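One structure below.
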Amino acid sequence: MNSINRKLIALSLAAASVMGVSAQEAATGYFMDNYNMKWQMNPAFGNRHNYVGMPALGNLNVGVNGNIGPTDLIYTSGNKTVLFTNPNIPAQEVLGNLKEVNRISENVGIGVLQGGFKAFGGYNNIAINIKESSSFALPKSIFSLLKEGIGNREYDIKDLHVKAAAYAEIALNHSRDIVQVPGLRAGVSLKFLLPVGFAEADFNDLTLTLGKNNWQAKANARLRVGLDGLKYDTKVNDRTHNRYVSGVNTDDIKFGINGFGFGVDLGASYEWQDFNFSLAFTDLGILNFSKVQEASTNGTRSFETANHVIGVGDHGDSWDKLVDDLSPLYELEDNGTISSSMALLGKFRAGVDYKFPYYDKLHFGLMNTTSLSSMFPSTEFRLSANVEPVKGVAASLSAAAGTYGANYGVLLCLGNKGFNFLIGMDYAALKFDKNSYPLTSNFDVHLGINFPF
């Protein structure tokens, strides 16, 4: 059984590490006037000046978030750092720190080229971006099995999912004031997507019922990897004579365009007295990968036995027979090349900005960001204070709470015409202490160098 667990886990993690779909912008800067890239959070937002971005550094975003972190999986025993599987770490402590569904995601966004200019009755942005992200969900039951080992109980490990993708994006944005409704501004971004890599692993059902006198198991799993030129290696089980996927052949991989996609962002803002209300839907779209290798159990496979008796130190025919009988649960069939689609990880944002009446250079904002993904749902509320005491020097401090706990962010923007530099993070504190809940284990960095004119 240990070899089976290792194969299932390795398969999931391999899919997650191939490539990672939605890189986030600096949410702390949503209400900051001289943050040139906030149109990517709400396409109705324009900028003060025309600008061009420094290639690759005009808009760089890197982040990791989840409801568990390193301190939930790595422990200290004596003077050593050990994994949660170490026998000196009590199972009750490990499982008590985990959630029923443990989610982790990472994202990277690189602005290769971008610029903005006033024309056509409004403001326009053009950007070429590279985006990569991956997300996976692990039920607590899989950690229970790894930590406690095989016991006389049932392990329900269904709904274990991994999704990852990488693609290039060409975004065209236009926003303008709606003269018929004073205070109203609207914008739209059209996105042409060029997919590069894709991975998806779904364990829709993996149930182990391990009784004293009877074992039952069910598995329904699927793995898809989309890279041009990638193929699966296969082997034949010497005892069962079934052919199964044994690895991945990367000799002929071509890192090029592997399909096509399209996305759209919609946004609006409305200014009324000292308030500015805004809402947006971003990353509404789909990626279609034309060359995807699929491996699957092709339905639910079952196993039941009451005939296996394995004694201590038994490495003979009894063990081999048991492993062979279980092999249909983890030996996936190669289904060949297919096409596959996946939705972008869309988001909904709603915000309100309030200008402080006694000092108009200070304003406060409240924003909600909600993921539209059914597999990896999340929501967050972020309150920010934004100040620009002089033109060219602006700062924002924010506090956030949501699905992944609480945290705070900070953003600094320097420069006006000629040069603009931005640096900051939405999650400036990390959870180093297991007792520091609800502090999140999130981490991100946002950097931008642009040249307004």
Side-chain angles (χ1 to χ4, degrees), residues 20-64 106-120 122-133 166-175 187-194 196 263-265 267 280 282-283 344 347 349 386 388 391-396 398 409-427 443-453:
V21 168
S22 172
Q24 68 181 31
E25 306 301 319
T28 301
Y30 184 83
F31 300 104
M32 184 179 284
D33 289 336
N34 56 344
Y35 177 32
N36 290 326
M37 300 301 163
K38 62 182 182 178
W39 65 272
Q40 297 195 13
M41 292 182 284
N42 188 325
F45 291 159
N47 290 317
R48 292 175 177 170
H49 309 294
N50 303 332
Y51 75 95
V52 293
M54 177 176 285
L57 294 178
N59 187 30
L60 177 64
N61 305 280
V62 179
V64 177
E106 61 79 28
N107 56 74
V108 176
I110 302 174
V112 179
L113 295 171
Q114 60 253 313
F117 57 95
K118 298 175 182 178
F120 312 117
Y123 197 92
N124 310 275
N125 290 279
I126 300 174
I128 299 176
N129 303 310
I130 295 176
K131 295 190 175 184
E132 174 275 325
S133 67
Y167 62 96
E169 171 190 87
I170 302 172
L172 306 176
N173 164 258
H174 177 76
S175 63
V188 60
S189 297
L190 302 180
K191 300 178 177 181
F192 303 93
L193 311 178
L194 303 175
V196 176
V264 63
D265 298 346
T282 60
D283 284 328
L344 299 180
K347 292 182 179 179
R349 292 182 177 90
N386 309 271
E388 188 178 10
K391 287 291 185 182
V393 178
S396 179
S398 68
V410 60
L411 202 65
L412 178 65
C413 189
L414 302 175
N416 198 20
K417 279 194 173 183
F419 180 79
N420 182 282
F421 173 77
L422 177 134
I423 190 169
M425 54 185 63
D426 290 328
Y427 305 101
F443 174 77
D444 66 349
V445 174
H446 305 278
L447 175 68
I449 299 176
N450 295 277
F451 305 99
F453 60 93

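Bear in mind that the values here come from a model prediction, so they are computed numbers and not experimental data.
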Seminar exercise, completed: When every non-hydrogen atom of A119 is compared with those of H174, the smallest separation belongs to O-CE1, 4.0 Å
Exercise. NZ of K118: more than 12 outside heavy atoms within 6.0 angstrom?
Worked result: yes
Exercise. Any idea which heavy atoms bring K191 and A171 closest together, and the distance?
Worked result: CG-CB, 4.2 Å
Exercise. Just by distance, do the side chain of D265 and the backbone of P43 share a donor-acceptor pair under 3.5 Å?
Worked result: no
Exercise. Is it true that a side-chain atom of S396 and a backbone atom of T28 form a donor plus acceptor pair closer than 3.5 Å?
Worked result: yes
Problem set entry | L447/L422 under side-chain contact (heavy atoms from CB on, under 4.5 Å): CA gap, chis, key distance, verdict | CA-CA 6 Å; L447 175 68; L422 177 134; over 6 Å; no
Exercise. Got L344 and L193 here, is their nearest side-chain heavy-atom distance under 4.5 Å?
Worked result: yes
Exercise. If we only count heavy atoms from C-beta on, is the R48 to N416 side-chain gap below 4.5 Å?
Worked result: yes
Exercise. Under a 4.5 Å cut-off applied to non-hydrogen side-chain atoms, are N129 and Q40 in contact?
Worked result: yes
Problem set entry | Heavy-atom donor-acceptor pair, N124 side chain to S175 backbone, under 3.5 Å | no
Problem set entry | Any side-chain donor near an acceptor of the partner, N34 and N36, under 3.5 Å | no
For this session: Starting at CD of Q114, measure out to CG of N450 and round the result to the nearest 0.5 Å.
Result: 6.0 Å
Exercise. Salt-bridged, E106 to K131, with N to O below 4.0 Å?
Worked result: no
For this session: Kindly assign one of parallel, tilted or perpendicular to the pair F120 and F117, based on the angle between their ring planes and the thresholds 30° and 60°.
Result: perpendicular
For this session: Kindly indicate whether the side chain of K38, heavy atoms from C-beta on, has any atom under 4.5 Å from the side chain of M32.
Result: no
For this session: Would you mind reporting whether F419 and I449 have side-chain heavy atoms less than 4.5 Å apart?
Result: yes
Exercise. Do N59 and E25 come within less than 4.5 Å of each other through their side chains, counting heavy atoms only?
Worked result: yes
Exercise. Just checking, any donor-acceptor pair under 3.5 angstrom between side chains of Y51 and N125?
Worked result: yes
Exercise. Tell me, do L414 and N420 make a side-chain contact under 4.5 Å, heavy atoms counted?
Worked result: no
Seminar exercise, completed: Rounded to the nearest 0.5 angstrom, the CD-CD1 distance for E169 and I110 is 13.0 Å
For this session: Give a yes-or-no answer on whether the side chains of Y30 and N42 include a donor-acceptor pair shorter than 3.5 Å.
Result: yes
For this session: For the residue pair L190 and V188, establish whether any side-chain heavy-atom pair is separated by less than 4.5 Å.
Result: yes
Problem set entry | side-chain contact (heavy atoms from CB on, under 4.5 Å) between M54 and F451, worked out | CA-CA 8 Å; M54 177 176 285; F451 305 99; 3.7 Å; yes
Exercise. Any donor-acceptor pair under 3.5 Å linking the side chain of Y123 with the backbone of H49?
Worked result: yes
For this session: Indicate yes or no: does K347 engage D283 in a salt bridge with an N to O separation below 4.0 Å.
Result: no
For this session: Please check if any side-chain donor atom of D444 sits under 3.5 Å from a side-chain acceptor atom of H446, or the reverse.
Result: yes
Exercise. Atom OG in S398, atom CG in L411: separation rounded to 0.5 Å?
Worked result: 8.5 Å
Exercise. If you measure only the distance, is there a donor-acceptor pair under 3.5 Å linking the side chains of N173 and W39?
Worked result: no
